[in-house]
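See structure below.
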Amino acid sequence: MSEVLNAFALGFLTMIRVFVLIALASVIWTPIGIYVGLRPKLAAIVQPLAQFLAAFPANLLFPLVVIGVVTFHLNPDIWLSPLMVLGTQWYILFNVIAGASGLPRDMRDAGDNFGVRGWLWWRRIALPAVFPFYVTGAITASGGSWNAAIVAEFVNWGHQTLHAHGLGDYIQRASVAGDFHRIVLGTAVMAILVSIINRIFWRPLYWYAERKFRMT
Amino acid sequence: MDALLALKDIRRAFPRPGGSELLVLDDVNLTVKQGEIVGLLGRSGSGKSTLLRIIAGLSAPTSGSAVYLGQEIDGPAKGIAMVFQSFALFPWLTVLENVQLGLEALKLSPEEIRKRALEAIDLIGLDGYESAYPRELSGGMRQRVGFARALVVHPNILLMDEPFSALDVLTAENLRTDLIELWSEGDLPIKGIILVTHNIEEAVLMCDRVCLFSTNPGKIVSEIPIPLRQPRDRNDPAFSALVERIYVEMTARRAERLTQKSERATMGTILHRVSANSIAGLIENVAAAPYNGKADLPELASELTMEVDELFPIAEAMQMLRLADIEGGDIKLTETGKRFAAEETDERKRIFARLLIRYVPLAAHMRRVLDERESHTASWNRFLDELEDHMTEDAADETLTTVIGWARYAELFSYDDDAAMFSLENPA
C-alpha cells in the first residue's frame with residue numbers, strides 16, 4: 001500500500017513538472033506563434049521547421065544536458081525537467097501558428113481600424129483567436145510530456161546517471177532492475193493520473209474553447 | 001473648404017511573381033464633403049474595396065495622396081470607422097463587448113465606455129441583445145452590431161464595404177431604411193458616409209452622389225449626382241430613370257472597353273466564374289419572345305431578378321465567345337448565338353467547343369498541350385503557373401476553374417479534381 005502511495009506521490013511530482021513546463025512553453029511559444037502566424041511568408045518557413053522539430057528524437061540531445069548538469073553541479077530535479085518538453089513544445093507552436101494564420105483578414109482589419117493595439121489587442125483579439133488551437137496543441141504536448149518523463153527523469157550518458165524525483169524515474173528504475181511489479185504499478189499510476197487530468201482539466205477546457213472561441 | 005476627405009491621383013499596384021505588377025487602382029480623384037453620402041459603384045474586382053482600405057489607412061497607395069481633414073492618412077485614423085460585408089465581429093465577445101472595443105481603444109473611462117456603448121446599441125435597435133454572442137444573432141442583427149461598433153466611436157467618416165450584400169433582400173432593405181432615416185434626421189454622430197456597392201438601386205436609394213468604377217484598372221469613370229429627396233421611392237419615375245441611366249452608362253463603358261481593348265481574348269484575359277449552363281440559359285432567354293434575339297439589359301435583369309454583377313459576366317462571356325454583341329444597354333445575339341439557341345444539346349456542345357478553340361486562347365492552348373503530350377495529361381499547377389505570369393493567383397484560380405467548367409460542357413478535355421490533373425479521357 002505504501003508502495004502505491006509512493007508511486008502516486010512521485011506521479012504528483014511529475015505532474016507538477018509537466019504543468020510548469022507546459023505553462024513555460026505556452027508563455028514562450030504562444031506570442032511567437034501568433035507573431036509568425038500573422039505573417040504568411042514567415043509561417044511558410046517556420047511551420048515545417050516546427051513540425052520537423054516535433055518529429056526529431058529529442059533524446060539525442062540528452063547527453064548535452066547531462067554534461068551541463070554534472071559540470072555545473074546543477075539540481076537534476078529542476079534541470080532535467082526541460083527535457084520533457086524538448087520534443088513536445090512544438091505542438092503548441094505549430095497549432096498556434098495555424099490558429100493565427102486562420103484569423104480572417106476582416107477581423108484583423110476591424111481591430112486595426114478601431115485602433116486596438118498593445119495589450120488590448122492581445123487580450124481581445126489575438127489570444128482568443130488562437131485559444132482553441134492552443135488548447136489542442138497543449139493537450140498533445142502535455143500527453144507527450146508524460147511519456148517523455150520516463151526518459152527525461154532518468155538519464156545516463158556513459159557511466160553518468162542522473163535522476164530527478166518523479167514517476168518517470170520510478171518506472172525507468174524498475175525496468176532497469178527488471179522489477180516487473182513496479183513497472184506495472186508505475187505504468188498504471190501514470191495511466192490513471194493522465195486520464196484524470198484529461199477528464200477534469202483538458203477536456204472541459206477543450207469544450208469551453210470550442211464553444212466560445214471557434215470562428216464558425 | 002469643408003472637405004472631409006480628399007483623394008488625389010491614387011494609384012495602387014500589387015507586385016506579381018515575375019517582376020511585373022498588377023494595377024488595381026489608377027488615377028483616382030475623389031472629394032467627400034461634410035453631410036454627403038458618396039457611393040462607389042462597380043462590379044466586384046474593380047478595386048473599390050482596395051480604395052476603402054486605403055481611406056481607412058489599412059493599406060497604403062502606391063502613389064498619390066489621401067488627405068483626411070487636412071492630414072495625410074498614414075495609418076488607421078481616428079474618426080474613420082468601417083463596416084464590413086462579413087460583419088467582422090469577434091465571436092468570443094458579446095454584442096456589448098464588440099461595441100465597446102473601439103471605445104476601450106480610445107482609453108475612455110469605464111463609465112463613459114458603458115454609457116456610450118449602450119447609447120449606440122439603443123440607437124441602432126439592439127436593445128435586449130447586449131449579452132448575446134454574434135453566433136446567436138441573425139445576419140441582419142449582426143450587421144446592426146457592425147454599425148453600432150462603428151458609430152459608437154463617433155467617427156467623422158463612416159466607411160461601408162458592401163454592408164448589405166451578405167443579407168437577404170428584406171433584411172437588407174430594412175437596415176437601409178433605418179440607416180437613412182437616422183441619417184436624414186441627423187441622429188447619427190457622423191459627418192459623411194462612403195458606401196461601396198455593386199447594387200445600382202442601393203446606390204441610388206442611399207447616396208447623394210455615385211461614382212462609377214471601371215475594372216482593370218479601377219478608375220472613377222463618371223460621377224452622377226442623385227438629386228432626389230429622402231426618403232426615396234423605388235417606384236418614383238425619377239428614381240427608375242436614374243437607375244436606367246447608370247445601367248446604360250455601365251454597359252456602354254464595358255462594351256466600349258471590350259471592343260477597344262482587343263477584338264480577341266488573350267492568355268491574360270481573366271475569365272470570371274460563369275457556367276456554360278448560365279450562358280446557354282441567357283441565350284435561350286434572349287432568343288425567345290418577347291426579345292427575339294435582342295434585349296434591353298436592365299429589363300432582362302429585372303425579369304430574371306438578377307443583379308448587374310451577376311448578369312454582366314455572363315453577357316461578357318457571350319460577347320467573348322461571339323455568341324452575342326453588347327451595345328448601349330442592349331444585348332443582341334449573333335448568327336452563331338441564334339443557331340446555338342435553335343439546336344439540341346449535342347450540337348450546342350459542338351458549337352461551344354469550336355468557339356472555345358477559336359476565341360479562348362487559354363482553352364485552345366490547354367487542348368493543344370494535352371494533345372501533344374504522350375500521356376495526354378497535365379497538372380493543374382502546370383497551367384496555374386503559366387496563368388500567374390499574367391494575373392494574380394486568385395484571378396488565375398478563377399480563370400482556370402471557369403475554363404474547366406466550359407471545357408467539360410464542350411467535352412474538350414476533362415479534369416480530375418482529386419488528382420488535380422487534366423486529361424483527354426472521357427470518364428464515361
Side-chain angles (χ1 to χ4, degrees), chain A residues 26 30-31 33-34 37-45 95-96 98-138 204-216, chain B residues 49-50 52-59 73 75-94 97-108 113 117 133-136 142-143 145-146 148-155 157-163 166 393:
Chain A
S26 305
T30 306
I34 289 171
L38 294 179
R39 289 161 182 78
K41 281 186 190 143
L42 189 58
I45 299 167
N95 275 289
V96 170
S101 34
L103 183 64
R105 191 173 85 164
D106 277 358
M107 283 193 201
R108 294 176 62 180
D109 282 352
D112 291 344
N113 180 236
F114 293 104
V116 182
R117 278 191 299 268
W119 176 231
L120 186 67
W121 179 80
W122 286 97
R123 200 158 43 104
R124 290 276 192 256
I125 300 177
L127 293 175
V130 301
F131 189 62
F133 297 85
Y134 161 76
V135 171
T136 305
L205 194 65
Y206 179 79
W207 286 118
Y208 172 71
E210 285 296 309
R211 216 175 41 246
K212 181 159 177 186
F213 295 93
R214 269 289 173 208
M215 292 290 170
T216 46
Chain B
S49 297
T50 309
L52 216 56
R53 283 173 53 85
I54 290 174
I55 298 170
L58 296 168
S59 166
I73 297 171
K78 241 185 233 177
I80 300 182
M82 184 131 150
V83 177
F84 297 83
Q85 178 179 6
S86 64
F87 319 136
L89 303 175
F90 297 101
W92 46 84
L93 301 180
T94 62
E97 288 166 340
N98 266 292
V99 174
Q100 286 180 337
L101 189 61
L103 297 174
E104 287 181 296
L106 292 174
K107 302 198 169 63
L108 302 178
I113 289 175
Y133 285 95
R135 65 172 171 278
E136 301 173 77
R142 284 186 209 184
Q143 193 56 301
V145 181
R149 177 175 69 176
L151 293 172
V152 77
V153 297
H154 297 181
I157 303 178
L158 184 66
L159 304 176
M160 305 202 284
D161 188 3
E162 306 254 2
E393 198 182 332

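Side-chain atoms are counted along with the backbone in the values below, which use heavy atoms only and exclude waters and symmetry mates. For clarity, every value in this text was computed on a predicted model and none was experimentally measured. Just so it is clear: chains get the letters A, B, ... in the order the sequence lines come, proteins before strands, and each one is counted from 1.
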Nearest-0.5 Å distance, [atom1] of residue [X] to [atom2] of residue [Y]:
{"X": "F90(B)", "Y": "R124(A)", "atom1": "CZ", "atom2": "CZ", "value": "11.0 Å"}
{"X": "S49(B)", "Y": "D106(A)", "atom1": "OG", "atom2": "CG", "value": "9.0 Å"}
{"X": "W92(B)", "Y": "L127(A)", "atom1": "CH2", "atom2": "CG", "value": "10.0 Å"}

Under 4.5 Å to a heavy atom of chain A? For L89(B) that would be backbone
Honestly, the part of R149(B) sitting under 4.5 Å from a heavy atom of chain A is both
- Is a donor on one side and an acceptor on the other found under 3.5 Å between the side chain of N113(A) and the backbone of I80(B)? yes
Nearest heavy-atom contact between A105(B) and G115(A) is CB-O, 3.3 Å
Closest heavy-atom pair, A88(B) versus A110(A), reported as atoms and distance to 0.1 Å, is O-CB, 4.0 Å
Interface check, chain A: of A77(B), P155(B), S86(B), G146(B), most non-hydrogen pairs under 4.5 Å belong to S86(B)
Q. Please walk me through it: do K212(A) and Y133(B) pass side chain to side chain contact (heavy atoms under 4.5 Å, CB included)?
A. CA-CA 9 Å; K212(A) 181 159 177 186; Y133(B) 285 95; 3.4 Å; yes
Report which part of [X] has an atom under 4.5 Å of a heavy atom belonging to chain B: side chain, backbone, both, or neither.
{"X": "R117(A)", "result": "neither"}
{"X": "R105(A)", "result": "side chain"}
{"X": "P128(A)", "result": "both"}

Exercise for review: Test M82(B) against D109(A) for side chain to side chain contact (heavy atoms under 4.5 Å, CB included), laying out the working first.
Suggested key: CA-CA 9 Å; M82(B) 184 131 150; D109(A) 282 352; 5.6 Å; no
Please evaluate residues L101(B) and F114(A) with respect to the criterion side chain to side chain contact (heavy atoms under 4.5 Å, CB included), reporting the C-alpha separation (whole Å), side-chain torsions for both, the decisive distance (0.1 Å), and the verdict. CA-CA 8 Å; L101(B) 189 61; F114(A) 293 104; 5.7 Å; no
